[in-house]
Amino acid sequence: NNLIGWATYPSISDPLHYINIIFTSLPNAAEVLSHRRREAAAMVLMKQFYINYYQGNRLAVFRLFPAVLIRDPNWLHNRGAILMWLESIFGNKFRDFLRNLAGSMKKNLIRIAKC
């Protein structure tokens with residue numbers, strides 16, 4: 001986590017380049033850690049994803065999520081991130097539509113369960 005924090009430090013202009021330098025600089029004895037490069041790159045990109053989402057930069061959010069998935073497809077399990085990405089594509093109305101749909105489905109399931 002410290003590596004991710006340093007990579008996204010404001011004075012680092014290219015966090016992915018920073019990650020690559022760190023992993024290529026590892027001694028041969030630490031080669032067992034090289035498989036973590038993609039995971040670290042995905043974490044850096046996800047941190048940028050969330051920062052840009054909360055700053056309202058929809059274009060950056062739209063571009064970052066596929067880049068994350070290329071490096072670590074496990075992020076597909078994160079429904080919140082997927083919804084944030086879809087919101088960056090379709091806007092707030094789509095998010096509100098999904099919330100209303102989920103709410104009405106939940107109410108219907110509760111009503112069915114009571115019968």
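None of these values were measured; they are calculated from a predicted model.
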- Message: Between W85 (side chain only) and F65 (backbone N and O only), is there a donor and an acceptor less than 3.5 Å apart?
- Response: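 Absent.
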- Just by distance, do the side chain of R58 and the backbone of S88 share a donor-acceptor pair under 3.5 Å?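 Between the backbone of S88 and the side chain of R58 there is a qualifying donor-acceptor contact (under 3.5 Å).
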Reported [atom1]-to-[atom2] distance for the pair [X] and [Y], which is rounded to 0.5 angstrom:
| X | Y | atom1 | atom2 | result |
| --- | --- | --- | --- | --- |
| I21 | H17 | CD1 | NE2 | 3.0 Å |
| M84 | F49 | CE | CZ | 5.5 Å |
| K47 | N52 | NZ | CG | 12.5 Å |
| K93 | N100 | NZ | CG | 13.0 Å |
| L86 | R79 | CG | CZ | 13.5 Å |
| D72 | M46 | CG | CE | 10.0 Å |

- Query: Could you walk me through whether W75 and M43 pass the side-chain contact (heavy atoms from CB on, under 4.5 Å) check?
  - Reply: CA-CA 10 Å; W75 280 99; M43 291 295 292; 3.8 Å; yes
- Which atom of L45 lies closest to which atom of L64, heavy atoms considered: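 Reported closest heavy-atom pair: CD2-CD2, 3.7 Å.
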Any link between [X] and [Y] through a network of hydrophobic side chains (Ile, Leu, Val, Met, Phe, Trp, Tyr) touching at under 4.5 Å?
| X | Y | answer |
| --- | --- | --- |
| L76 | Y53 | yes |
| L59 | I51 | no |
| I70 | F62 | no |
| I89 | V61 | yes |

- Task: Name all residues meeting the side-chain hydrogen bond (donor to acceptor under 3.5 Å, both in side chains) criterion together with R38; count only those two or more places apart in sequence or in a different chain, and write none if there are none.
- Result: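 side-chain hydrogen bond (donor to acceptor under 3.5 Å, both in side chains) list for R38, sorted by chain: empty.
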- Task: Go through the structure and list residues passing side-chain hydrogen bond (donor to acceptor under 3.5 Å, both in side chains) with R63, not counting sequence neighbours.
- Result: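 side-chain hydrogen bond (donor to acceptor under 3.5 Å, both in side chains) check on R63 returns nothing, list empty.
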- Set of residues satisfying salt bridge (charged side-chain N to carboxylate O under 4.0 Å, His left out) with respect to R37, sequence neighbours excluded: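 Counting only residues at least two positions away or on another chain, R37 forms no salt bridge (charged side-chain N to carboxylate O under 4.0 Å, His left out).
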- Task: Might you work through the side-chain contact (heavy atoms from CB on, under 4.5 Å) test for L16 and D14, ending with a clear yes or no?
- Result: CA-CA 6 Å; L16 290 178; D14 187 355; 3.9 Å; yes
- Message: Taking OH in Y50 as the centre, count heavy atoms belonging to other residues, nucleotides or ligands within less than 6.0 Å. Is the count above 12?
- Response: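 Correct, the count exceeds 12.
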